[in-house]
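See below for the structure under consideration.
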Amino acid sequence: MKIALLCRNADLYSHKRIVEAGKERGHDIQIVNHLRCYINITAHRPEIYYGGEKLEGFDAIIPRIGASVTFFGTAVLRQFEMMGVWPLNESVAITRSRDKLRSLQLLARRGVGLPVTVFAHRTSDPETLVEMAGGAPVVIKLLEGTQGIGVVLGETPKSAESIIQAFGGVKTNILVQEFVKEAGGEDIRCLVVGDKVVASMLRKGREGDFRSNLHRGGSASSVKITPAERATAVQAAKVMGLNVCGVDLLRSNHGPVVMEVNSSPGLEGVEKATGKDVAGNIIEFVEKFATPGKTRTKGKG
Ligand code: ADP
Ligand code: MG
């Protein structure tokens, strides 16, 4: 198969592994840097140019769009979809997943377990926001934060309220969320491919940090998940419309709750912690399901 890997940095572990897994299985896999694409939006002949050459003949595209370039990356992906190229994750689903509020609303609608979460534009009455989220301690998050940056713990009512007011002062959108204390600074990243969790790891925050992000110095180890956790992760991926994603769960007193769904999950942490060939699983999924023109949304919506 001729596969495009849509990414900016070919040297990242995840991208090198996907290329390697593709080549191992005899595919022609090419890196396409979306920031270097020119797209021609014409009614019947959508085209993409790359370094002066027209891109064509791809059977599938694997998008790995960084959070900071979602706008342009999804535009290029949408163009591929309009050209009939099968995407591993569709542009619409990626766009959805980049907005924490929208994602949680979609998941809530389908009854997926979530931490109690409150959203408001006005921050002039932070007391009510904190109370609605179950009272301090609460977690306050930037709507479009990533890698643990913009996630703050408001330990007491007073500190929670002043954090909310501070964010309100710089006019940024935030969520106020129940702090799942019993998770003990740990969360579970489930790597979903299709309708299976192919690998899962337990992430633990650095000493004294409630955030378990590996980018914030957290550590990872392989973990055996429960059937309920497995079912929650698979359902979350399905609701988001993502074939491949990382579903982050917290172990709460009332069962697994989804914190977020990541449409470009890193492979390094999870492959190294579990010894699983996740890149290989991804390529196998592409082999099985890539069909030209079989894009559910064709970039609509
Ligand atoms: P980011 O997108 O920046 O990774 P997350 O929502 O995943 O933001 O939060 C970062 C980390 O903070 C999580 O991995 C988790 O360890 C911790 N965390 C986030 N929300 C909660 C919560 N409601 N209760 C307990 N811990 C949380
Ligand atoms: Mg996270």
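We count ligands from 1, going down the list as the structure has it; atoms in each ligand are counted the same way.
Using a cut-off of 4.0 Å between Lys/Arg side-chain N and Asp/Glu carboxylate O, R17 and D277 are scored as salt-bridged. Classification of R203 and D187 as a salt-bridged pair holds, one side-chain N sitting under 4.0 Å from a carboxylate O. For E20 and K16, the salt-bridge test fails: no basic side-chain N is under 4.0 Å from an acidic carboxylate O.
Summary of contacts: the protein heavy atom closest to atom 23 (N) of ligand 1 is E178 O, 2.8 Å. Here the protein heavy atom with the shortest distance to atom 11 (C) of ligand 1 is N213 OD1, 3.2 Å. Protein heavy atom closest to atom 19 (C) of ligand 1, with residue, atom name and distance, is M259 SD, 3.2 Å. Closest protein heavy atom to atom 9 (O) of ligand 1: V151 CG2, 3.7 Å. Of all protein heavy atoms, the one lying nearest to atom 7 (O) of ligand 1 is E260 OE2, 2.8 Å. In this structure, the protein non-hydrogen atom closest to atom 24 (N) of ligand 1 is V180 N, 2.9 Å. Regarding atom 17 (C) of ligand 1, its nearest protein heavy-atom neighbour is F210 O, 3.6 Å.
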E81 vs R78, salt bridge (Lys or Arg N to Asp or Glu O under 4.0 Å): CA-CA, chis, key distance, verdict: CA-CA 5 Å; E81 290 167 359; R78 213 154 40 232; over 6 Å; no
What verdict does the side-chain hydrogen bond (donor to acceptor under 3.5 Å, both in side chains) test give for S263 and S97, after you've listed the backbone C-alpha separation in whole Å, the side-chain angles of each residue and the deciding distance to 0.1 Å? CA-CA 6 Å; S263 54; S97 75; 3.0 Å; yes
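At least one N or O atom of Q147 sits closer than 3.5 Å to an N or O atom of ligand 1. On a distance-only criterion, L250 and ligand 1 share no N/O pair closer than 3.5 Å. Ligand 1 has a nitrogen or oxygen under 3.5 angstrom from a nitrogen or oxygen of K100.
Residue-level proximity to ligand 1 for K141 is carried by the side chain, the only part with a heavy atom below 4.0 angstrom. For Q177, every heavy-atom contact with ligand 1 shorter than 4.0 Å involves the side chain, none the backbone.
Contact check for F210 versus F179: side-chain heavy atoms found under the 4.5 Å cut-off. Counting only heavy atoms from C-beta outward, the side chains of D248 and V258 never approach each other to under 4.5 Å.
Judged by distance alone, the side chains of E271 and Y13 do bring a donor and an acceptor atom under 3.5 Å apart.
Residue H121 qualifies as open at atom NE2: its count of foreign heavy atoms under 6.0 Å is 12 or below.
Residue E260 approaches the Mg ion (ligand 2) most closely through its N/O/S atom OE2.
Contact annotation: D248 places no N, O or S atom under 2.8 Å from the Mg ion (ligand 2).
Of all the atoms in ligand 1, the ones that sit under 4.0 Å from a non-hydrogen atom of D187 are 13 (C), 14 (O). The atoms of ligand 1 that sit less than 4.0 Å from any heavy atom of G148 are 1 (P), 3 (O), 4 (O).
L250 and V139 sit in two unconnected hydrophobic clusters of ILVMFWY residues. Membership requires side-chain heavy atoms under 4.5 Å apart, directly or through other members.
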